[in-house]
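Below is one structure; the comments refer to it alone.
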2 protein chains.
Amino acid sequence: MNSTPDTRQRILSTARELFHANNYADIGIKQICDAAQVQKGSFYHFFPSKRDLALAVIEDMADDWAHGFVHEAFDQALPPMERLDYLIDAAYYWQKAAKDIEGRMPGCLFGNLVLELSTRDDVLRAKLSAVFDKTRLRFEETLQQAVETGALAPLDTNLTAQAMLAYLEGMILLAKSRNEPELIQHLGPAIKGIRIELSH
Amino acid sequence: MNSTPDTRQRILSTARELFHANNYADIGIKQICDAAQVQKGSFYHFFPSKRDLALAVIEDMADDWAHGFVHEAFDQALPPMERLDYLIDAAYYWQKAAKDIEGRMPGCLFGNLVLELSTRDDVLRAKLSAVFDKTRLRFEETLQQAVETGALAPLDTNLTAQAMLAYLEGMILLAKSRNEPELIQHLGPAIKGIRIELSH
DNA sequence: CATTGACTAGACCGACCGGTCAACTATACT
DNA sequence: AGTATAGTTGACCGGTCGGTCTAGTCAATG
């Protein structure tokens, strides 16, 4: 059955790394193939085009993101609002680690791709939007639980969740512009204070 | 003296538009020249390279940004905190207008460039960072005035200003991912509630 | 009128891009 | 054993990229 060793996954992983550490346009298929030790023909056996690779990378990363980073950060065992501290911490350490290795803060792959590609490819844009929406749900359920436990006064959980996600992405963007992961630590705490009231 | 008509500025403006509506990598020099009705030779007479054009575009836009959008939004005649409402409004209408014309929300040119290029070109990154810092100052002076007038309890004006800027950029990013400028309207009001306390 | 120098014109260049293809190999099933 | 099929190889393609270069225009100077 499993005749394919792991070529496809190897392409996927190295492409993800390269896209994340650089950007989409600057990374050529040749470069991905060399890094993954795969020939071009093999690449096109698994992916019809670079664009389809991008779609696959987004899905692949979204899975890891959901089951790794997000899952850990939104640990159900923790009191709801504490999860947000945990999230900020996780974001910081991740960016810090990447910077220590590469010398530059890569930022959020999804955010990067949104700003680079969503004006030119609507399908990609929609896919990235869906990833954000899935993440937003984790914020929202956290907020709902915080409201239920009385840790938070009632508010518009949907919009507030979006606002928090926006703030997270914005912090990462600003930190990337300064190549200073520490900015996430400094600005992070304010995420808990963001509120959008229920309308009427 | 001024023998040059406006060729340089025409290149600059069309490059800015094209970079903003698309992205840096996708726009070739040929395309800029065609749109600006300029020949390649002329282009390279004014700009040594595409990268130098990018630098010039950032400066050019930063000036307009400072004297236009930011200047209007941070109108000194308005009560400090009201300026933030004005800013959100301005951001929304700008993105909305662009979407109505192009069909797609372009986002913030500076934010776009940061995420696309700051991992590969540190000088560009620094330049963009400086633009953000200049904008941050307008937030900060607004906050200081709000504290002075008693509209706001004392807080860390520097970090809060950065947090607000991050939130603004994050909103725009999220809105772009959904191609919905309206998101800025919905999330915008929360910007006034962002606070980072003075440490110790 | 000659010279200068900023500016324009556009053919041209090598490099590299995403993508194709025909030939080949290794495995799986009959 | 025979054959289909999944996977691999790497030469190859047309097009476009950023950038170069030579020839020439034109207005201001002497």
Side-chain angles (χ1 to χ4, degrees), chain A residues 1-58 60 113 116-117 119-124 127, chain B residues 1-58 60 112-113 116-124 127:
Chain A
M1 266 304 179
N2 184 17
S3 59
T4 310
D6 54 346
T7 312
R8 196 191 127 96
Q9 191 56 46
R10 212 165 60 244
I11 294 172
L12 228 36
S13 312
T14 60
R16 187 210 290 192
E17 279 170 34
L18 289 171
F19 287 156
H20 195 182
N22 301 273
N23 66 49
Y24 179 74
D26 283 353
I27 301 300
I29 284 162
K30 176 81 182 338
Q31 197 175 339
I32 295 168
C33 289
D34 288 351
Q37 306 210 62
V38 164
Q39 244 54 35
K40 226 172 184 192
S42 295
F43 175 93
Y44 279 97
H45 174 72
F46 291 105
F47 302 98
S49 72
K50 190 185 179 188
R51 194 192 94 120
D52 288 276
L53 170 68
L55 284 165
V57 164
I58 293 168
D60 184 57
L113 291 176
E116 182 177 356
L117 300 176
T119 43
R120 109 169 150 188
D121 189 322
D122 211 58
V123 174
L124 236 85
K127 196 134 207 157
Chain B
M1 270 300 177
N2 183 16
S3 58
T4 309
D6 56 346
T7 313
R8 197 191 127 97
Q9 191 55 47
R10 210 166 61 244
I11 294 171
L12 228 35
S13 311
T14 59
R16 186 211 289 191
E17 279 170 33
L18 289 171
F19 287 156
H20 194 183
N22 302 272
N23 65 50
Y24 179 76
D26 282 353
I27 301 300
I29 284 163
K30 175 80 184 338
Q31 198 175 338
I32 295 168
C33 289
D34 289 351
Q37 305 209 62
V38 164
Q39 243 54 36
K40 233 180 183 179
S42 297
F43 176 94
Y44 279 97
H45 174 72
F46 291 105
F47 303 98
S49 71
K50 190 186 179 187
R51 193 193 94 121
D52 288 276
L53 170 68
L55 284 165
V57 164
I58 293 168
D60 184 58
N112 295 350
L113 291 176
E116 182 177 356
L117 300 176
S118 67
T119 43
R120 109 169 151 188
D121 188 323
D122 212 56
V123 175
L124 236 87
K127 195 133 208 157

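Quick note on labels: first sequence line is chain A, next is B, and so on, each numbered from 1.
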How many whole angstroms separate atom [atom1] of [X] from atom [atom2] of [N]?
| X | N | atom1 | atom2 | result |
| --- | --- | --- | --- | --- |
| A/Asp26 | C/dA15 | CG | P | 19 Å |
| A/Phe47 | C/dT20 | CZ | C1' | 18 Å |
| B/Lys50 | D/dT16 | NZ | C1' | 12 Å |
| B/Asp6 | C/dT8 | CG | C1' | 14 Å |
| A/Arg8 | D/dT8 | CZ | P | 13 Å |
| B/Ile11 | C/dT8 | CD1 | P | 8 Å |
| A/Phe43 | C/dT20 | CZ | C1' | 14 Å |
| A/Phe46 | C/dG18 | CZ | P | 19 Å |

Contact class for [X] (heavy atom, under 4.0 Å): base, sugar-phosphate, or nothing?
| X | answer |
| --- | --- |
| A/Ile32 | nothing |
| A/Gly28 | sugar-phosphate |
| B/Leu53 | nothing |

**Q.** Donor-acceptor contact below 3.5 Å, side chain B/Asn23 vs main chain B/Asp26
**A.**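 Checking the backbone N and O of B/Asp26 against the side chain of B/Asn23, a donor-acceptor pair under 3.5 Å is found.
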
Q | A/Arg120 CZ to B/Asn22 CG distance, which is reported to the nearest 0.5 Å | A |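 Between A/Arg120 CZ and B/Asn22 CG, I get 9.5 Å after rounding to 0.5 Å.
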
Q | Short side-chain N/O contact from B/Ser49 to OP1 or OP2 of D/dG18, under 4.0 Å | A |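 For D/dG18, OP1/OP2 do not have a side-chain N/O of B/Ser49 under 4.0 Å.
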
Q. Can a side chain N or O of B/Gln39 be found less than 4.0 Å away from OP1 or OP2 on C/dT8?
A.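 False: B/Gln39 side-chain N/O out of range (4.0 Å or more) of C/dT8 OP1/OP2.
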
Which nucleotide sits closest to the side chain of [X]: [options]?
| X | options | answer |
| --- | --- | --- |
| B/Tyr44 | D/dT20, D/dT8, C/dT8 | D/dT20 |
| B/Ile29 | C/dG19, D/dG18, C/dT8 | D/dG18 |
| B/Lys40 | D/dG19, C/dA6, C/dG18 | D/dG19 |
| A/Ser42 | D/dG18, D/dT9, C/dG18 | D/dT9 |

Q: Would you mind reporting whether A/Gln37 and A/Thr14 have side-chain heavy atoms less than 4.5 Å apart?
A: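 Side chain of A/Thr14 against side chain of A/Gln37, heavy atoms only: no contact under 4.5 Å found.
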
Q) Can you find a pair of side-chain heavy atoms, one from A/Leu53 and one from A/Phe46, that are under 4.5 Å apart? A)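 Of all side-chain heavy-atom pairs linking A/Phe46 with A/Leu53, none is under 4.5 Å.
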
**Q.** Pairwise 5' ranking along DNA chain C for A/Gln31 and B/Gly41, keeping only the more 5' one
**A.**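 Looking at the nearest nucleotide for each, B/Gly41 comes out on the 5' side.
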
Q: For A/Tyr24 and for B/Gln37, find the nucleotide of DNA chain C with the closest heavy atom, then tell me which residue's nucleotide is more 5'.
A: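 Result of the comparison: B/Gln37.
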
Q | Candidate list B/Leu55, B/Ile29, B/Leu12, test side-chain contact (heavy atoms from CB on, under 4.5 Å), partner B/Phe47, passing option | A |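 Of all the options given, the one that passes is B/Leu12.
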
